[in-house]
Peer 1: 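The structure follows.
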Amino acid sequence: MKRKWTILLSSLGMVIVAAMAGASLYFYNYAFVPSRKTFLSNKTEPAVAQAQNWLHRINKQTWRETAAGSNLQLVADWVPATQATAKTIVVAHGYMNTKEDMARQIEFFHEAGFNVLAPDDRGHGQSQGNYIGYGYADRLDYLKWINRVIRRVGPNSQIGFYGVSMGGATVMYLSGEKLPKQVVAIVEDCGYTSIMDELAAQGRELFSLPRYPLIPAVALTASVGRYNVFAASTIAALNHNSRPIFFIHGAKDTFVPTSMVHREYAADHSEKKLWIVPKAGHAQSLKMQPQRYQARVVGWFNAHWR
């Protein structure tokens, strides 16, 4: 009888392990492999489409860079200001978006008289890669892009970071790095606290799944041979930030829960500001209040240029 129970429990354990491995691989492909995501809208808003037409026509250059610690080839758009300036905004796009999806922001930064650099992250747009870096792997690539800007514009460059959603997390991760003195200010819009937290939020929102044990298993799968998902915390990065940072988040955001921005704001000890946009969902603050949004974001950078 004891032997039968041993065989039964061993078989059950193997089934559970196999089921967990299968679920982890499925969720990994769902969350980390670049592809069309059914939970994301494919509609392009009219204001964005209009800005994309502008971006297609405007004078710009294609920059190429090799990813940090990899041979992946990355691509970015360099949109110089109409009048020569030392002021540059580096913009970071969202999950499964591209630099073209940032056209509206690129346009209003250009209108404000700034140069703009807009990269495609690993596995997005024209850049190479078969996994999504969620901004954490990409932060090291952005350090290389920043150095390109300094070489192009000169040592008197003044650089601001701006990012939305995954891009918001990207610029927060960057805030914890050793940055060149030319970086002067940051604006982040609806970035998440950590990859683990965001995976857990989406597992709960989309599949009604608890955080444990699946999310750590997915993170482990994603970490093998790529980057350490467990270490990817914007909270930890913000603890080391010394640049002025403006936090923006929609009051009705469920994709990156609004509660996350309050934790991020509390973690930062630099000059900071928080704007919770009423009735705005995820990455919808610009759409909800376009004039106020543009004025506040551009105003934040104008207040901090040296």
Side-chain angles (χ1 to χ4, degrees), residues 31 37 39-41 43-45 47-48 89-99 101-106 108-109 118 121 124 132-136 138-139 142 160-176 185-206 232-235 237-238 241 243-268 272-290 292-298 300-301:
K37 307 298 181 181
F39 56 89
L40 298 176
S41 172
K43 292 183 178 179
T44 301
E45 296 174 3
V48 177
I89 305 296
V90 178
V91 302
H93 64 72
Y95 179 85
M96 291 315 303
N97 287 154
T98 67
K99 56 188 182 329
D101 292 304
M102 302 296 285
R104 196 172 179 187
Q105 291 92 329
I106 295 170
F108 73 61
F109 285 134
D121 289 0
H124 292 74
I132 296 169
Y134 276 91
Y136 187 69
D138 310 288
R139 80 196 192 284
Y142 277 80
F161 295 154
Y162 170 87
V164 178
S165 190
M166 186 180 81
T170 304
V171 299
M172 286 189 283
Y173 288 132
L174 275 167
S175 77
I186 302 169
V187 175
E188 82 82 22
D189 183 345
C190 62
Y192 46 79
T193 49
S194 71
I195 299 177
M196 294 283 287
D197 289 346
E198 182 58 17
L199 291 176
Q202 289 313 302
R204 182 173 60 252
E205 177 75 14
L206 298 174
S233 167
T234 61
I235 300 297
L238 289 165
N241 179 42
R243 268 65 173 185
I245 182 167
F246 183 16
F247 297 89
I248 303 171
H249 217 102
K252 299 295 184 181
D253 194 340
T254 57
F255 192 80
V256 176
T258 309
S259 59
M260 289 190 182
V261 76
H262 295 289
R263 293 171 56 199
E264 292 159 347
Y265 185 80
D268 187 86
K272 58 187 177 181
K273 183 178 181 181
L274 173 62
W275 181 26
I276 304 296
V277 181
K279 300 180 181 180
H282 184 64
Q284 293 295 299
S285 296
L286 174 57
K287 178 182 178 181
M288 293 291 292
Q289 299 199 32
R292 182 174 294 181
Y293 186 101
Q294 179 174 338
R296 290 191 176 190
V297 169
V298 172
W300 183 257
F301 289 115

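Count residues from 1 along the sequence. Since this is a predicted model, take the numbers as computed values, not measurements.
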Peer 1: Quick one: does NZ or CZ of K272 land under 6.0 Å from the six-membered ring centre of F247, within 45 degrees of the ring axis?
Peer 2: no
Peer 1: Determine, step by step, whether S285 and H249 satisfy the side chain to side chain donor-acceptor pair (under 3.5 Å) criterion, reporting the C-alpha distance in whole Å, the side-chain angles of both residues, the deciding distance to 0.1 Å, and the verdict.
Peer 2: CA-CA 7 Å; S285 296; H249 217 102; over 6 Å; no
Peer 1: What closest approach, in Å, do K273 and W300 show between heavy atoms, and which atom pair accounts for it?
Peer 2: CB-CZ3, 3.7 Å
Peer 1: Is the backbone of A31 close enough, under 3.5 Å, to the side chain of Y95 for a donor and an acceptor to pair up by distance?
Peer 2: yes
Peer 1: Grab the two heavy atoms, one from V256 and one from G191, that are nearest each other, plus how far apart they are.
Peer 2: CG1-O, 3.7 Å
Peer 1: Ring centroid separation for F246 and F301, is it under 6.0 angstrom?
Peer 2: no
Peer 1: Considering all heavy atoms of both residues, which atom of K99 and which atom of H93 are nearest to each other, and what is their separation?
Peer 2: N-CD2, 3.9 Å
Peer 1: Roughly how far, to the nearest 0.5 Å, is CG of N241 from CD of E264?
Peer 2: 12.0 Å
Peer 1: Within this structure, what is the CD1-CD distance for the pair I89 and Q105, rounded to the nearest 0.5 Å?
Peer 2: 11.5 Å
Peer 1: CZ of R243 to CG of D268: how many Å apart, nearest 0.5 Å?
Peer 2: 12.0 Å
Peer 1: Hey, are the side chains of P290 and R104 touching, using non-hydrogen atoms and a 4.5 Å cut-off?
Peer 2: yes
Peer 1: Testing the basics here: between V171 and V187, what is the closest heavy-atom pair and its distance to 0.1 Å?
Peer 2: CG2-O, 3.9 Å
Peer 1: List the steps and the verdict of side chain to side chain donor-acceptor pair (under 3.5 Å) for E198 and Y134.
Peer 2: CA-CA 10 Å; E198 182 58 17; Y134 276 91; over 6 Å; no
Peer 1: Would you give the length of the straight line joining atom CD of E188 to atom OG of S165, rounded to the nearest 0.5 angstrom?
Peer 2: 9.5 Å
Peer 1: I would like to know whether E205 and T254 meet side-chain contact (heavy atoms from CB on, under 4.5 Å); could you show each step before the answer?
Peer 2: CA-CA 8 Å; E205 177 75 14; T254 57; 4.1 Å; yes
Peer 1: What orientation do F109 and Y162 show, parallel under 30°, tilted 30 to 60°, or perpendicular over 60°?
Peer 2: perpendicular
Peer 1: OG1/T258 to NZ/K252 distance, rounded to the nearest 0.5 angstrom?
Peer 2: 8.5 Å
Peer 1: If you take all heavy atoms of V164 and C190, which pair is closest and at what distance?
Peer 2: CG1-SG, 4.0 Å
Peer 1: Y142 and Y173: aromatic ring centres closer than 6.0 Å?
Peer 2: no
Peer 1: So H282 and D253, side chain to side chain donor-acceptor pair (under 3.5 Å) or not? Walk me through it.
Peer 2: CA-CA 5 Å; H282 184 64; D253 194 340; 2.8 Å; yes
Peer 1: Answer yes or no for R139 and Y136: cation-pi contact, defined as NZ/CZ to six-membered ring centre under 6.0 Å and angle to ring axis within 45°.
Peer 2: yes
